[in-house]
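Working notes, structure below.
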Amino acid sequence: MTSVNAGKWKYIILLLLFAGWSLGNLDRFVINYAVLGITKDLGLSASATGVLLSSFFAGYALMQIPGGYLADRFGYRNVILISVLMWSVFTVLTGSAWSLTSMIVIRFLFGIGEGGYFPSGSKALASWFPQNERSRAMSFMLASGAIMGVITPILSTHLMTSVGWRSMFYMIGACGIVITLLLFFFLKERKADALPGMATEQAAVKPKAPLKTVLKTPMIWNLFLAYFSVYAINWGLNSWMPTYLVKARGLDMTSVGYLSAIPAFVGIFGMLLSGYILDKLPAGKDRLAAGILALVTGGLLYLMGSASSIPMFIAYQCLVGVFFAFISTLIASASLKSMPAELVGSANGFINTGAQVAGVLTPMLIGFMVDAFGGSYNAAFIMLVAFAALCAGALFTARAKPAAFSGLQARTAAYEESTGGTNI
């Protein structure tokens, strides 16, 4: 493939990754609305509902590190294809669940299937895009979550009232098979570029045990903790907000669908803008800015919990979504910019494990808190404020990347700039 063709093809790769991750986000988000019908049919308490919502993230978190390792070892294309096919099959099976136990097992295996996509997709972006474009590429892929946040509430509430939650999962699973076929025919593998005169240095940096090397990088642990904290907020809001608006604020399902779409719509612009801004900010300043926004997010979460009206509640949630976009894009793209391409899959697999551990814990904790405090959500909002402070602390104390990586990345960036980042 010539450099010109490669330069065009990277955008096709990005669109394919965007399509796959849009489906993944739809599959994950839809359960937060379907659970209203599921809990009624299966007779679940708030605590049982929390366990159900967390079961997906248990499998998803377990697969992050293996998914990154497999992408580094066998190539991102194979892992992505298996991931999309597997989670599509378990989406269909979700509609066939007959008990709480069967639902938990299916959602756990669903998470295992989807767990390899993000680290593999991260490696694909690092392979196709030059260093100074990776935050924008990552923000575009992550924007699928914000877009699905707009579509899912409206789509799922209408499907639930028209065909029911079981048929809804059957239909989404069928869409997954179509996406799998598109990826099979058009997703291409690309090896990291071998830079002229750099073979010796790359060989010195390229580790035999990538995960071990990643775990020795202090900044990766800060990013792990920051991602855990910011996604504890995200999953806490996403998983319980429909139930909260119905039971605590007295809204009907249709109103919940449209209101939930507003913050997600605003978040689309926040996600896309964040990538552009982060690629312009100097290293270190971006983490400082994200840390400050994390503190502001904590204040907004407190205001959400005490909001006297629905419009004010949604307004605060919109701002939380914008700041979340900036913080999450920074964390997700940091390893793409600071680590050699050979480590990106393992690094982002480990970092994203933090986000998914938060997905395991937060919905369960909120469910237990709601039951313990007689249906009140006040304690849950206080917990989310604490997570915002923890995220800020992790970002403020993040150390610079190791010197051994810095030199290689600087040379890589200079070479990519001179060739347009498209040499194969």
Side-chain angles (χ1 to χ4, degrees), residues 135 138-139 142-143 145-146 149 218-241 263-264 266-307 313 315-338 348 350-359 361-363 365-366 379-401:
S135 285
M138 177 61 76
S139 70
L142 292 179
M219 186 180 72
I220 295 297
W221 286 95
N222 286 77
L223 296 176
F224 174 94
L225 183 59
Y227 221 32
F228 167 85
S229 303
V230 76
Y231 265 95
I233 298 169
N234 183 64
W235 296 132
L237 292 178
N238 284 340
S239 61
W240 279 98
M241 201 50 55
V266 175
I268 295 173
F269 299 97
M271 188 66 71
L272 294 174
L273 184 61
S274 66
Y276 177 81
I277 294 173
L278 286 167
D279 277 335
K280 300 297 182 182
L281 288 177
K285 298 295 184 181
D286 50 359
R287 292 192 296 276
L288 177 62
I292 293 172
L293 291 181
L295 291 178
V296 176
T297 297
L300 291 170
L301 289 166
Y302 176 80
L303 293 174
M304 280 181 66
S306 57
F313 181 91
Y316 294 137
Q317 190 179 357
C318 287
L319 291 175
V320 168
V322 171
F323 296 156
F324 166 79
F326 187 93
I327 297 167
S328 61
T329 302
L330 163 73
I331 299 169
S333 61
S335 66
L336 275 66
K337 291 184 170 183
S338 62
N348 257 18
F350 177 71
I351 293 168
N352 201 36
T353 300
Q356 310 321 316
V357 169
L361 295 177
T362 313
L365 287 174
I366 292 177
F381 277 103
I382 292 174
M383 179 182 69
L384 298 182
V385 171
F387 280 130
L390 182 61
C391 179
L395 291 171
F396 286 144
T397 57
R399 291 172 55 184
K401 58 195 174 188

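Position 1 is the first residue of the sequence, and the numbers go up from there. From a predicted model like this one, the values you see are computed outputs, not experimental measurements.
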Nearest-0.5 Å distance, CZ of residue F324 to CG of residue L293: 13.0 Å
F350/W221 under side-chain contact (heavy atoms from CB on, under 4.5 Å): CA gap, chis, key distance, verdict: CA-CA 9 Å; F350 177 71; W221 286 95; 3.6 Å; yes
Where V266 and C318 come nearest, the two heavy atoms and their spacing: CG2-SG, 3.9 Å
Parallel, tilted or perpendicular: rings of F387 and F228 (30°, 60°): perpendicular
Point-to-point distance, once rounded to the nearest 0.5 Å, from CD1 of I331 to CG of L225: 9.5 Å
Heavy-atom pair of closest approach, residues N222 and A394: ND2-O, 2.9 Å
From CA spacing to verdict: side-chain contact (heavy atoms from CB on, under 4.5 Å), L301, L237: CA-CA 10 Å; L301 289 166; L237 292 178; 4.1 Å; yes
T362 and L384, any side-chain heavy atoms less than 4.5 Å apart: yes
With sequence neighbours excluded, residues passing ring pair (Phe, Tyr, Trp, His ring centres under 6.0 Å) with Y302: none
For W235, ring pair (Phe, Tyr, Trp, His ring centres under 6.0 Å) partners two or more places apart: F57, Y231
Worked verdict on L395 versus C391 for side-chain contact (heavy atoms from CB on, under 4.5 Å): CA-CA 6 Å; L395 291 171; C391 179; 4.0 Å; yes
From CG (L300) to CD1 (I233), nearest 0.5 Å: 10.0 Å
Smallest separation among heavy atoms of F326 and D286, with atom names: CE2-O, 4.1 Å
Atom of A232, atom of A358 and distance for their closest heavy-atom approach: N-CB, 3.5 Å
Nearest heavy-atom neighbours spanning F313 and M241: CZ-SD, 3.4 Å
Evaluation steps, side-chain contact (heavy atoms from CB on, under 4.5 Å), between N234 and V230: CA-CA 6 Å; N234 183 64; V230 76; over 6 Å; no
L330 side, atom CG; M138 side, atom CE - distance, nearest 0.5 Å: 11.5 Å
T297 OG1 to F323 CZ distance, which is reported to the nearest 0.5 Å: 6.0 Å
Minimum-distance pair of heavy atoms, taken over all atoms of A325 and G267: CB-O, 4.3 Å
Of all pairs that satisfy side-chain hydrogen bond (donor to acceptor under 3.5 Å, both in side chains), the ones with a partner from residues 319-329, not counting sequence neighbours: S274-T329
